[in-house]
Amino acid sequence: MSEESSKPVKKYYDYISVGNRTKQVVYFVEQHDKPVHCELFLTENPSLPTVVICKSKKSADLLGTYLEGKNILNIVAHGNHRASQIEDAANTFNTEENALLITTSKIYETLELNKVQRVINYELPFEPESYFKTLRCVDEVGESILFVSSDEENMLETLELMMKYDIPHSEIDSFEHTPLPKTENKKKKKPRHKKSKKQESKPEAKKED
């Protein structure tokens, strides 16, 4: 073996390198369907030490409560918890087999977790850099799953552009999309500065005092 071939290959950690060598899968699902979708994903895929990243503390709490009601054990840790509680959550994750931790990206960056094999991006982050920080945690050894709603598709496009990589899409066969909930008492706004086409085509009738 030549001296040149025995040299270790240099590993790069830029967006493109990490993105192209780490497994990523996108599931398109609206926000109101995400709890059910997450439940089905967890039950129909092999159990792995998994971290679910939520955009807000409220979202993390709601998901944790929902999954608990479906008999899916989980640990929730976010900024409303004491430092000792967050540390206990990390220790539990590191010691329990196939543990499930639900947290926010801000707290996730502070945790010392040693066996993450799957990250579920329950919601895409506000900043793309947050996604790449979590992606590096499963670089080559794990997988990154993205649940993307219609209002998060622009962020997904940004991530793919930064990686120069189109993330493969998948679906859960047993999952059924449901219609977006109707917003009650939503009145149509009248144009403030422009007249409607009807008004432009017809002369305005004189109003009597």
Side-chain angles (χ1 to χ4, degrees), residues 23-81 85-86 88-90 92-93 96-109 111 113 115-128 130-131 133-135 137-138 142-157 159 167-186:
K23 181 181 179 181
Q24 301 173 75
V25 182
V26 167
Y27 293 83
F28 288 108
V29 52
E30 294 299 344
Q31 187 67 31
H32 68 282
D33 279 334
K34 286 186 179 182
V36 175
H37 190 274
C38 189
E39 173 201 352
L40 292 175
F41 179 88
L42 292 170
T43 55
E44 296 187 15
N45 285 276
S47 296
L48 295 172
T50 298
V51 176
V52 181
I53 308 292
C54 296
K55 189 178 285 186
S56 68
K57 295 173 281 190
K58 180 180 179 181
S59 184
D61 283 333
L62 289 173
L63 178 60
T65 301
Y66 175 84
L67 294 178
E68 188 176 341
K70 298 297 181 179
N71 297 317
I72 298 177
L73 298 179
N74 63 86
I75 317 155
V76 179
H78 54 61
N80 282 353
H81 296 143
Q85 291 176 298
I86 295 173
D88 288 343
T92 301
F93 181 88
E96 286 190 1
E97 186 178 358
N98 300 328
L100 175 64
L101 173 65
I102 302 172
T103 187
T104 58
S105 56
K106 185 176 181 180
I107 294 299
Y108 182 54
E109 292 171 14
L111 299 176
L113 306 178
K115 60 172 189 176
V116 181
Q117 293 184 33
R118 176 191 288 142
V119 172
I120 297 176
N121 298 274
Y122 186 74
E123 293 150 328
L124 296 192
F126 294 107
E127 301 293 336
S130 294
Y131 175 76
K133 286 180 181 178
T134 61
L135 186 63
C137 295
V138 290
E143 60 185 21
S144 178
I145 307 299
L146 301 86
F147 294 169
V148 179
S149 61
S150 55
D151 60 355
E152 294 173 314
E153 290 181 13
N154 286 340
M155 176 58 74
L156 175 63
E157 290 178 4
L159 297 175
I167 304 175
H169 304 163
S170 187
E171 292 184 0
I172 299 174
D173 292 337
S174 61
F175 173 73
E176 293 185 8
H177 296 271
T178 63
L180 287 168
K182 294 181 180 179
T183 305
E184 295 181 2
N185 300 325
K186 190 175 181 181

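Each residue takes its place number in the sequence, starting with 1.
In this structure, Gly79 and Ile107 approach most closely via the heavy-atom pair N-CG1, 3.7 Å. Across all non-hydrogen atoms, the minimal contact from Leu63 to Cys54 is CD2-SG, 4.2 Å. Pairing each heavy atom of Lys57 with each of Thr104, the nearest pair is N-CG2, 4.0 Å. Pairing each heavy atom of Lys23 with each of Val25, the nearest pair is CE-CG2, 4.1 Å.
Between Glu152 atom CD and Phe147 atom CZ the span is 11.0 Å, to the nearest 0.5 Å. Rounding to the nearest 0.5 Å gives a distance of 4.0 Å between NZ of Lys133 and CD of Glu109. If you take CD1 on Ile145 and CD1 on Ile120, they are separated by 6.5 Å, rounding to the nearest 0.5 Å. Within the model, atoms CG of Leu146 and CG of Leu124 stand 5.5 Å from one another, a figure rounded to the nearest 0.5 Å. Remark: Gln117 CD to Asn98 CG distance equals 8.0 Å, nearest 0.5 Å. Distance check, rounded to the nearest 0.5 Å: OG1 of Thr103 to NE2 of His81 gives 9.0 Å.
A 4.5 Å side-chain heavy-atom check between Val76 and Asp61 finds at least one atom pair inside the cut-off. Here the side chains of Ser149 and Lys34 are in contact, with some heavy-atom distance below 4.5 Å. Contact annotation: the side chain of Leu156 approaches that of Phe28 to within less than 4.5 Å [non-hydrogen atoms, C-beta and beyond]. A heavy-atom distance below 4.5 Å is found between the side chains of Leu48 and Glu143. Taking 4.5 Å as the limit, some side-chain heavy atom of Ile102 sits within range of a side-chain heavy atom of Leu67. Side chains of Tyr66 and Val36 form a contact here, defined as non-hydrogen atoms less than 4.5 Å apart. Between Asn74 and Glu68 there is a side-chain heavy-atom pair separated by less than 4.5 Å. Between Tyr131 and Ile53, every side-chain heavy-atom pair lies at or beyond the 4.5 Å cut-off.
Applying the 6.0 Å contact sphere to CG of Asp151 captures more than 12 heavy atoms from other residues, nucleotides or ligands. Atom CD of Glu44 is surrounded by more than 12 heavy atoms from other residues, nucleotides or ligands within 6.0 Å. For Glu127, the CD atom sits in a loose shell: 12 or fewer heavy atoms of surrounding residues, nucleotides or ligands are nearer than 6.0 Å. A 6.0 Å sphere centred on CD of Glu171 holds no more than 12 heavy atoms belonging to other residues, nucleotides or ligands.
Relative ring orientation between Phe175 and His177 is described as perpendicular, the plane-to-plane angle rising above 60° on a 0-90° scale split at 30° and 60°.
Side chain of Lys115 to backbone of Phe93: a donor-acceptor contact under 3.5 angstrom is found. Without hydrogens or angle criteria, Asn121 side chain to Ser144 main chain gives no donor-acceptor distance under 3.5 Å.
Remark: the Tyr108 side chain and the Ser130 side chain contain no N/O donor-acceptor pair separated by less than 3.5 Å.
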message: Assess the residue pair Ile172 and Val29 against the criterion (side chain to side chain contact (heavy atoms under 4.5 Å, CB included)); give the C-alpha distance rounded to whole Å, side-chain angles, the decisive distance to 0.1 Å, and a yes or no.
response: CA-CA 10 Å; Ile172 299 174; Val29 52; over 6 Å; no
task: Please test Thr43 against Lys70 for side chain to side chain contact (heavy atoms under 4.5 Å, CB included), starting from the C-alpha separation and ending with a verdict.
output: CA-CA 10 Å; Thr43 55; Lys70 298 297 181 179; over 6 Å; no
task: In sequence, state the C-alpha distance, the side-chain angles, and the governing distance for His32 and Leu180, and then conclude on side chain to side chain contact (heavy atoms under 4.5 Å, CB included).
output: CA-CA 7 Å; His32 68 282; Leu180 287 168; 3.6 Å; yes
task: Kindly determine whether His78 and Lys106 satisfy side chain to side chain contact (heavy atoms under 4.5 Å, CB included), including the steps that lead there.
output: CA-CA 8 Å; His78 54 61; Lys106 185 176 181 180; over 6 Å; no
